[in-house]
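Working notes, beginning with the structure itself.
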Amino acid sequence: MRTYVIGDLQGCAHEAQALLDKIAEDAAGDARILFVGDLINRGPESLMALRRMKTLSEASGGRVEALLGNHDLHLLAVAVGAQRASRSDTLDEILGAPDRDELIGWLRMRPLAMFVDAHLLVHAGVAPQWDAAQTMALAGEVEAVLRGDGWIDFLGRMYGNQPDRWDDGLEGIDRLRCIVNALTRMRLCLPDGSMDFAHKESESGPEGSGLLPWFDLPGRRTNDVTVVFGHWSALGLVLRPNLVGLDSGCVWGGKLTAVCLDDRTLLQVDCPEYRPHAGKK
């Protein structure tokens, strides 16, 4: 069985199906398919994308799974009144759907990280202080809260940019928020691992800022595994020996990309510019 990881869908259900068809042909129908998050929002078919992913996952016997991305968490927060919808959201169809509660219930049970065949999958990034085992354990802490009785209260307190640097001594909501921000929002950091959330539309920080992509931070403890991530459309496709970035800007007129973890085969589908390129995040 071949394993494929797909980048950010962001509500591009038609392109997702075209890519799934390519995977079925490439793998002769025997594939494990994993998504790095942001199944919904910004694109034109968020409801269709979410329904299809839920159906595929539930019928797959564990062979289809999706991570939670920042847009997926945003939907959860908006659905329970913990966050206001943005003008750029395309979530109304989901929020008004007759199966809305089932969709929300399925989505909040999704993981924040996966470790598959020596590959660590996250939506956005990994704090430099974490190795793969700690990343999985910390993701599990947030997953337990999202799947528990206090999930709505947590979503109401999840947002914020502080603390912006991981410390093993963090507790309570500060600890959980820092984990969420690293796994679902992080792009650029200072060399000490402090996360920057101001620069969303570039591959690097301003000259002289000292900001680096999280994966180029000195002493990053996940250098011994291959990290697979999405979230950063301005960066585009990244292929390094121990790093795979899969957000190739589907919703911004780029491509939807899948990579086979077994041999680095790439499969891609061209996408219309559903959103003006200057607004990508």
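- Counting only residues at least two apart or in different chains, ring-ring contact (aromatic ring centres under 6.0 Å, His included) contacts with residues 208-228 comprise W214-F229, F215-F229.
- By the ring-ring contact (aromatic ring centres under 6.0 Å, His included) test, W106 pairs with no residue at all, sequence neighbours left out.
- Of the candidates E141, E143, H123, E143 is the only one forming a side-chain contact (heavy atoms from CB on, under 4.5 Å) with L112.
- Applying the side-chain hydrogen bond (donor to acceptor under 3.5 Å, both in side chains) criterion to H74, with sequence neighbours excluded, gives D89.
- Between the K22 side chain and the Q268 main chain, a donor and an acceptor come within less than 3.5 Å of each other.
- Cation-pi check for R108 over W151 is met; the charged atom lies under 6.0 angstrom from the ring centroid and within 45 degrees of its normal.
- Between L34 and I6 the shortest side-chain heavy-atom distance does not fall below 4.5 Å.
- I40 and L47 fall within the same hydrophobic cluster, defined by Ile, Leu, Val, Met, Phe, Trp and Tyr side-chain heavy atoms under 4.5 Å apart, directly or through other members.
- Checked against salt bridge (charged side-chain N to carboxylate O under 4.0 Å, His left out), E58 has the following partners two or more places apart in sequence or in another chain: K54.
- To the nearest 0.5 Å, atoms OG (S233) and CG (D247) are separated by 5.0 Å.
- Counting heavy atoms from C-beta outward, L183 and L68 have side chains that stay 4.5 Å or more apart.
- Remark: D262 engages no residue in a salt bridge (charged side-chain N to carboxylate O under 4.0 Å, His left out) (not counting sequence neighbours).
- Not counting sequence neighbours, the partners of R165 by the salt bridge (charged side-chain N to carboxylate O under 4.0 Å, His left out) test are D192.
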